Amino acid sequence: MSAIVPRSDFSLLSANPALVYLDSAATAQKPRAVLDAMNDFYETDYANPHRGAYALSARATERYARAREAVARFFGVRDEACVIFTRGTTDSLNVVAAAWGRANIGAGDEVIVTGAEHHANFVPWQQIAIERGAIFTICPLTADGRADVEVLAALVSEKTKVIAFNHVSNVLGAINPVAEIAAIARSVGALSVCDGAQGAPHMAVSFDALDVDIYAASAHKMLGPMGTGVLIGRREILDAMPPYQTGGDMIAFVGDEQTTWNVLPHRLEAGTPNVAGAVGLAAACDYLTAIGMDAVAAHERALVKVAHERVSAIEGVRVHGPSAAERSGVLSFTVADIHPHDLATLLDERSICIRAGHHCAQPLMRRLGVTATARASFYVYNDENDVEQLVEALKSAKRLFAVA
Amino acid sequence: MSAIVPRSDFSLLSANPALVYLDSAATAQKPRAVLDAMNDFYETDYANPHRGAYALSARATERYARAREAVARFFGVRDEACVIFTRGTTDSLNVVAAAWGRANIGAGDEVIVTGAEHHANFVPWQQIAIERGAIFTICPLTADGRADVEVLAALVSEKTKVIAFNHVSNVLGAINPVAEIAAIARSVGALSVCDGAQGAPHMAVSFDALDVDIYAASAHKMLGPMGTGVLIGRREILDAMPPYQTGGDMIAFVGDEQTTWNVLPHRLEAGTPNVAGAVGLAAACDYLTAIGMDAVAAHERALVKVAHERVSAIEGVRVHGPSAAERSGVLSFTVADIHPHDLATLLDERSICIRAGHHCAQPLMRRLGVTATARASFYVYNDENDVEQLVEALKSAKRLFAVA
Amino acid sequence: MTDTSALYQEVILDHNRRPRNYCAMADATIEERGVNPLCGDELTLYLRMDGDRIADASFQGSGCAISRASASMMTSIVKGKTRAEADALIEQFRGMATGQTVLDDLPPTLRVFAGVARLPQRVKCAVLPWHALHSALTGGTGSTAV
Amino acid sequence: MTDTSALYQEVILDHNRRPRNYCAMADATIEERGVNPLCGDELTLYLRMDGDRIADASFQGSGCAISRASASMMTSIVKGKTRAEADALIEQFRGMATGQTVLDDLPPTLRVFAGVARLPQRVKCAVLPWHALHSALTGGTGSTAV
Ligand SMILES: Cc1ncc(COP(=O)(O)O)c(C=O)c1O
Ligand SMILES: Cc1ncc(COP(=O)(O)O)c(C=O)c1O
């Protein structure tokens with residue numbers, strides 16, 4: 001398998017031909033098209049949108065609206081006012097936990113998350129449950145790391161107000177049955193919140209078809225800029241949700257004693273919006289669409305299949321999570337007695353970038369019975385040679401530690 | 001007065017030589033140095049900071065740390081862990097109102113803002129006061145639009161928990177006596193919160209010397225990128241403040257039932273940070289420091305002085321706010337019966353960008369007895385010719401409306 | 001940047017200076033407030049319905065020349081029209097203001113607003129009164145934002 | 001990207017495989033937990049003080065080769081040292097790990113960690129046990145984060 005995009009699209013990668021970047025689940029490298037789009041906005045149409053009464057500002061406003069359209073299209077959202085630009089997945093999920101949670105979760109209610117959540121989809125729910133006096137329940141996982149929907153279906157009750165779960169686990173690459181979980185949530189009138197940070201970058205997402213109430217993602221993991229993300233929600237939910245932040249652009253009328261709110265998407269976007277970020281994310285969406293999200297998913301599946309086979313063939317290696325056919329391009333593993341941090345440092349010596357640690361998923365680490373794993377993750381610019389180098393480097397690390 | 005920086009530093013301005021950009025109080029144009037710094041980060045050192053165990057990630061972490069140092073230096077903050085990167089001023093102020101406010105404001109307590117606040121420093125306090133059952137008091141203004149410190153000193157009591165005020169009014173350019181207000185707050189043990197969105201871009205700010213508890217600013221108004229801002233606070237305040245958002249990077253340990261927090265600045269920066277934004281803001285700070293903030297302030301004062309004289313000399317024009325000597329580079333005015341929006345459209349015909357409306361300060365509009373004003377604002381790239389063109393265009397607009 | 005001279009024509013300037021039907025209406029059967037939260041324009045539209053017909057229309061409020069002239073002309077033109085006729089006018093006016101429809105059906109006096117289509121930031125000013133009229137005729141929320 | 005071969009020397013690999021003083025201490029007078037929240041390393045340091053002197057030192061926990069070897073060597077070296085002597089060692093070790101100080105005063109065995117200074121992302125691993133020791137000797141919070 002060669003990469004499905006030219007390495008030369010990515011300045012950093014083409015400037016470092018020997019670099020084996022296997023940490024895209026943490027953050028993805030940027031194609032020139034994304035940086036160009038942002039620069040072009042700053043150099044051609046830059047002004048504060050919404051507020052100015054001159055053509056330059058109208059152009060900036062237009063850019064922002066076009067970006068929202070492109071992002072809505074990418075995420076399969078027909079009602080584009082339901083695409084809210086945020087700072088990232090963490091921001092999106094905190095908005096829902098705080099604004100929706102405070103208004104809808106009461107004492108004795110129940111909030112459910114899975115045991116495989118990233119801290120961003122775990123701690124906000126844990127904390128709002130504590131604040132509201134609600135019960136915080138952690139849904140157990142299947143052996144391969146997905147939410148156990150049978151247990152979940154038995155767990156829920158009329159008291160359940162929220163089920164928060166990942167689309168794809170950032171540690172295991174395990175893909176959750178989103179529609180099934182959403183249906184369970186719906187059956188008891190609970191809000192279904194899908195953390196799409198590892199979903200949107202790697203597979204076609206149609207929000208309208210997934211039937212979840214809330215979907216969140218980060219631009220920087222899908223070839224877009226840092227500091228931008230989306231919160232997508234069904235209109236009834238977002239319309240009824242109290243604003244999370246207040247300030248400019250999101251108000252209708254500010255009285256000395258009371259304030260009324262603007263309509264969606266504005267009422268959930270207080271302050272000067274990050275138009276450049278939205279433009280960058282839209283460019284990333286367009287770039288991915290041009291490749292085709294099915295091609296992206298197939299490429300990653302092919303790479304992770306080879307990696308899974310070759311890495312698990314090394315003696316002493318334990319690969320966590322589902323079989324290669326059922327995972328997105330993420331491979332977490334541990335190698336005998338070698339601590340993942342040492343592994344990462346040894347691989348770094350060979351210009352191979354992997355991540356080591358708890359991956360912001362300490363609850364999952366406890367459930368896997370480890371304190372840390374090593375993780376290699378693949379994206380559009382990776383190829384089979386990257387896998388080859390990973391495997392060689394792991395073998396070499398084993399030799400070094402064994403000799404000692 | 002010529003501009004104090006070459007117009008060619010700004011791609012948008014040099015590509016549009018006829019453009020008279022007089023809306024920098026809404027947002028400032030970007031020097032190439034700022035865009036270059038962000039591109040360079042993306043193309044050279046891009047990775048997720050903090051989390052990776054490889055050299056590229058270490059370089060990204062380093063970039064982020066260096067950016068924080070540069071920003072801390074610019075704002076005169078010795079303890080750089082007290083510089084928190086946010087999405088912008090609106091975000092910073094909402095963090096304080098929600099996280100500090102919820103923990104410290106109780107029923108019957110008092111929250112004071114001034115009548116000249118931007119919605120970003122008005123609505124969050126109004127809303128938290130409503131939520132907590134506290135009294136919301138609007139401090140009256142002097143005739144020229146500053147907080148009336150004599151009245152304020154008489155207003156405050158042991159019940160006063162917060163005094164929120166702008167450094168500089170975005171409508172009037174009036175400069176508040178920050179140290180005096182901070183001292184009044186201190187005298188009753190209230191938190192002093194200074195909205196520096198219009199302060200930091202235009203004059204030297206030394207947080208440590210100002211002696212306020214909290215200072216907030218937006219990168220995009222000070223030549224930096226959109227989507228980035230700072231929340232600066234005294235360590236005791238920030239250390240005691242509950243986290244506003246939770247998720248990755250800001251935790252120490254995530255248990256199934258309880259979570260403990262990381263230290264500053266991390267505990268107030270949940271999720272993947274916007275390193276590119278921080279790098280861009282740092283570059284803007286360096287660019288401004290190279291000019292010298294005193295030179296920036298002097299240049300704006302000189303321009304606004306001429307503009308004030310020439311514009312107020314036009315019959316039927318009313319200029320709001322203080323005398324030219326006491327204001328930063330902002331001029332709000334109304335022209336006889338011509339609605340500010342019409343004025344802005346007519347000026348736009350001549351490539352002059354001014355802003356018209358309530359400027360996100362509806363409470364101030366009521367106090368000025370107007371529904372909208374026209375506003376011209378100046379920055380480093382403006383020159384006397386810009387003022388000239390503004391004056392000519394205003395005269396021409398008057399002629400058009402008078403002929404009717 | 002944009003050619004606005006075509007927009008600020010004599011007729012608009014005149015309606016702005018001397019708006020027609022600019023008064024509260026004591027016997028109004030519908031009262032609808034329209035606001036543009038982004039620019040602060042606001043107006044109150046008064047209608048007296050006589051069955052299916054708009055017997056009288058007036059407005060008050062603060063806004064720019066464009067919204068004022070638009071409200072002034074609109075209240076003059078819809079007087080005596082049926083709901084269906086007013087609906088058709090609303091649709092045509094909106095179409096013109098957003099640059100989408102041909103103008104053939106629209107009363108010539110209203111065509112002075114065609115220039116606003118080139119000024120996206122001012123479209124809402126022109127449309128605000130029409131938006132309020134639409135809201136008033138379809139149940140009316142008492143207050144609508146454009 | 002970086003030359004780490006110098007860091008993973010035989011002595012570190014050996015201390016990692018067979019850490020010295022790796023056990024809980026029933027009669028410890030000070031127990032201090034050290035954690036690196038970013039990477040998840042954690043250790044518990046046990047000290048038995050005899051007046052001003054560290055009579056015994058041991059540790060337990062989970063961490064990488066670097067932090068384990070560092071803790072192993074540290075607990076061996078500080079045994080029998082006075083507070084002042086331990087303080088001096090702490091300062092010197094930190095200086096070396098962050099690439100700031102000359103090594104002359106540092107016991108040669110500890111110098112194997114000099115290579116960590118070139119790996120900012122691993123400095124905290126090497127320093128974690130020393131950080132916990134410092135905390136333990138200066139009052140001790142029971143738990144410190146590096
Ligand atoms: C599954 C998952 N959820 C949430 C996040 C948080 O995203 P961000 O740090 O961009 O806010 C991440 C990545 O860090 C993730 O992998
Ligand atoms: C005085 C003042 N405060 C707050 C803000 C809000 O800043 P931002 O929109 O960047 O969050 C602004 C600018 O819009 C302002 O001028």
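No experiment lies behind these values; they were computed from the predicted model shown. Numbers restart at 1 for each chain; the letters A, B, ... are given by sequence-line order, proteins then strands.
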statement: Counting heavy-atom pairs under 4.5 Å with chain A, the top scorer among B:Pro243, B:Ala97, B:Ala28 is B:Ala28

query: Which one of B:Lys30, B:Arg87, B:His220, B:Arg366 has the most heavy-atom pairs closer than 4.5 Å to chain A?
result: B:Arg366

Heavy-atom distance under 4.5 Å to chain A: side chain of [X], backbone, both or neither?
| X | answer |
| --- | --- |
| B:Met250 | neither |
| B:Glu257 | backbone |
| B:Glu43 | both |
| B:Phe85 | neither |
| B:Gln245 | both |
| B:Phe136 | side chain |
| B:Pro340 | neither |
| B:Asp91 | both |
| B:Thr259 | both |

Taking [options] one by one, which has the highest count of heavy-atom pairs under 4.5 Å against chain B?
| options | answer |
| --- | --- |
| A:Ala129, A:Ala47, A:Gly255 | A:Gly255 |
| A:Ala361, A:Ala344, A:Pro124, A:Ser218 | A:Pro124 |
| A:His359, A:Arg375, A:Arg102 | A:Arg102 |
| A:Leu347, A:Asn94, A:Thr27 | A:Asn94 |

Closest non-hydrogen atom pair, B:Pro363 against A:Asp256: CB-OD1, 4.1 Å

query: Shortest non-hydrogen contact from A:Val275 to B:Met226?
result: N-SD, 3.3 Å

- prompt: B:Ile251 versus A:Gln362: any side-chain heavy-atom pair under 4.5 Å?
  reply: yes

task: Step by step, work out the side chain to side chain contact (heavy atoms under 4.5 Å, CB included) result for A:Val34 and B:Tyr42.
output: CA-CA 11 Å; A:Val34 166; B:Tyr42 278 125; over 6 Å; no

task: For side chain to side chain contact (heavy atoms under 4.5 Å, CB included), just list the numbers for B:Met365 and A:Val254, CA-CA rounded to whole Å, side-chain angles, deciding distance to a tenth of an Å, and then say yes or no.
output: CA-CA 11 Å; B:Met365 294 295 116; A:Val254 178; over 6 Å; no

Pairwise distance [atom1]([X]) to [atom2]([Y]) - rounded to 0.5 angstrom:
| X | Y | atom1 | atom2 | value |
| --- | --- | --- | --- | --- |
| B:Asn274 | A:Thr228 | CG | OG1 | 7.0 Å |
| B:Leu35 | A:Leu35 | CG | CG | 11.0 Å |
| B:Trp125 | A:Thr246 | CH2 | OG1 | 10.0 Å |
| B:Leu56 | A:Asp23 | CG | CG | 9.0 Å |
| B:Lys221 | A:Thr272 | NZ | OG1 | 4.5 Å |

task: Please assess A:Tyr54 against B:Leu19 for the test side chain to side chain contact (heavy atoms under 4.5 Å, CB included), listing each intermediate value before the final yes or no.
output: CA-CA 11 Å; A:Tyr54 46 90; B:Leu19 189 76; over 6 Å; no

- prompt: Would A:Thr90 and B:Asp249 count as a side chain to side chain contact (heavy atoms under 4.5 Å, CB included) if you check the C-alpha gap in whole Å, the side-chain angles of each, and the deciding distance to 0.1 Å?
  reply: CA-CA 11 Å; A:Thr90 303; B:Asp249 278 3; over 6 Å; no

- request: Can you tell which part of A:Ile130 gets under 4.5 Å to a heavy atom of chain B, answering side chain, backbone, both or neither?
  value: side chain

query: Would you say the ring centroid of A:Tyr244 lies under 6.0 angstrom from that of B:Tyr244?
result: yes

